[in-house]
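These notes concern the structure reproduced below.
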Amino acid sequence: MQRYSLVPLLMATLMAGSQATGSPAEANIRVIPVTRVVRIPLIALNDGMTANLATDFSGLAVSRGGVDETPEGPDSFDVNDNGSFLVTNPLLGRLSQFRPEGKFQRSWPLGFAADGVNILPDKTVEVQEARTSTVYVLDQKGELHLSTPRTSNASARITSPSTGVIAWSARNPGSSSKIDVKLDRPGFTLLSLQLLGTGEDGSAYVALESTPGAKGEEGINVNKSVRRYSPAGKLLSQTDDIPLDYYVTPADELRVHKGFVYQLMTTPSEVQLNVWNMN
C-alpha cells in the first residue's frame, strides 16, 4: 500500500458550470456499510494519576479536558500487514500495539506525546512529536532516531462546486496518475479531497467532504465518505457517510490497508476503529 500525506482543499471561489469529463455518476455505485468495529477500552485520567500509570498501566488513556481545555487522547494510528494496530498514547508518552480484535500486545516508551504514526515499507515506524513536530523513526530494536519529514507527491484541486482532480506520481518512474472526481449528489457542494493511498492493484482511495449548504447552530453540515477507484479511474465503491462526531480530534483520521478503510474515533470510554471492506 502506497500512502500519501493529507491533501485537503477547502472550497474557494469557483466558476459555476465547469465540469470534468469522464467522471462516473454516483448512481449504481456499491455503497459499503461499516463491516466491523474494533473496541479498545480507555482509562480517563485525573490529576495525580499520570505518574503511576507511566509504569503500572499498559492500556490507553484519555483526559476529558475542562472549561478551557479540549479532551486529549489517542489521535493517530496505522495498520500492520497482519492487521494489528499501532495507536498513539500521547498522555502516557507511548506508542501501543493491539491485535486485530483489539487486545493489547505491547507498547514502546517514547518520552514525548506523539500525534502522528506511520509504518514505513521497511517495517520501522515514523512518529511525530506533538509539541515540536519533530519526526523520529522507531527502529525494530525500539530505539528512536531523528528523521526527515516525508513529502507528498500528490495534489488535489477542486474545479467546480461538484468536480475535482487528484493527481499523483505512480510507482513506475516517469509516469503519473490522475482521477477526475465528480460529486453527483443534488444540492451538495464539494468541500475537500484527499488521496488516502493506492493499492497493490493500482486502485486509488479518495476521501471527499461535501455539504448540503445548510447552516445550523454549530455551522455548516459536513458529510464525508471514501471512494475506491479502479486503475482506469472508474468509481467502483464508496463507504456510507463516515461519522464525524469526534470526542478527541484525530490527527490521522483514516487509513487504507489491503482494501480496507479504517477510521479512528476516540470516545470518553474507548477507542473505536471503524472498518469498511472495500474489496
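For this chain, numbers begin at 1 and follow the sequence in order.
The two residues A114 and P90 have their closest heavy-atom pair at O-CB, 3.8 Å. Minimum heavy-atom separation, Y247 to T267: CD2-C, 3.7 Å.
The hydrophobic clustering, which links ILVMFWY residues whose side-chain heavy atoms are closer than 4.5 Å, places V222 and L254 together. In terms of hydrophobic clustering, with Ile, Leu, Val, Met, Phe, Trp and Tyr side chains grouped at heavy-atom distances under 4.5 Å, L236 and I29 are assigned to different clusters.
Identified under the ring pair (Phe, Tyr, Trp, His ring centres under 6.0 Å) test for residues 69-92, with sequence neighbours left out: F85-Y262.
We find that E126 and R150 are joined by a salt bridge, their nearest charged nitrogen and carboxylate oxygen being less than 4.0 Å apart. A salt bridge between R131 and E129 is present, with a side-chain N of the basic residue lying under 4.0 Å from a carboxylate O of the acidic one. Contact check on K224 versus D240 returns no salt bridge, with no Lys/Arg side-chain nitrogen under 4.0 Å from an Asp/Glu carboxylate oxygen.
Side chain of D78 to main chain of I119: a donor-acceptor pair is present (N/O by atom type, distance under 3.5 Å, no hydrogens or angles). S203 places no side-chain N or O within 3.5 Å of a backbone atom of R228 that could act as its donor or acceptor partner. Checking side-chain atoms of K123 against main-chain N and O of Q140 turns up no donor-acceptor pair under 3.5 Å.
Using a 3.5 Å distance cut-off with no hydrogens or angles, the side chains of E253 and Y246 do pair a donor with an acceptor. Defined by atom type and a distance below 3.5 Å, a donor-acceptor pair is present between the side-chain atoms of D115 and Q128. A side-chain donor from one of E270 and Q272 sits under 3.5 Å from a side-chain acceptor of the other.
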Report task. Show the numbers, then the answer: is there a side chain to side chain contact (heavy atoms under 4.5 Å, CB included) between T148 and V135? Result -> CA-CA 6 Å; T148 303; V135 175; over 6 Å; no

Requested in this report: Take R185 and D241 through the salt bridge (charged side-chain N to carboxylate O under 4.0 Å, His left out) test and state the conclusion after the steps.
Outcome: CA-CA 13 Å; R185 197 169 185 180; D241 285 338; 3.6 Å; yes

Report task. Please report the C-alpha distance between D75 and T88 in whole Å, then the side-chain angles of each, then the deciding distance to 0.1 Å, and finally whether the side chain to side chain donor-acceptor pair (under 3.5 Å) criterion is met. Result -> CA-CA 6 Å; D75 56 6; T88 55; 3.1 Å; yes

Requested in this report: In sequence, state the C-alpha distance, the side-chain angles, and the governing distance for M278 and Y205, and then conclude on side chain to side chain contact (heavy atoms under 4.5 Å, CB included).
Outcome: CA-CA 9 Å; M278 304 289 285; Y205 296 83; 4.1 Å; yes

Report task. Test L138 against E143 for side chain to side chain contact (heavy atoms under 4.5 Å, CB included), laying out the working first. Result -> CA-CA 5 Å; L138 182 70; E143 298 177 354; 6.0 Å; no

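Scanning for side-chain hydrogen bond (donor to acceptor under 3.5 Å, both in side chains) contacts around S76 gives D252, with sequence neighbours left out.
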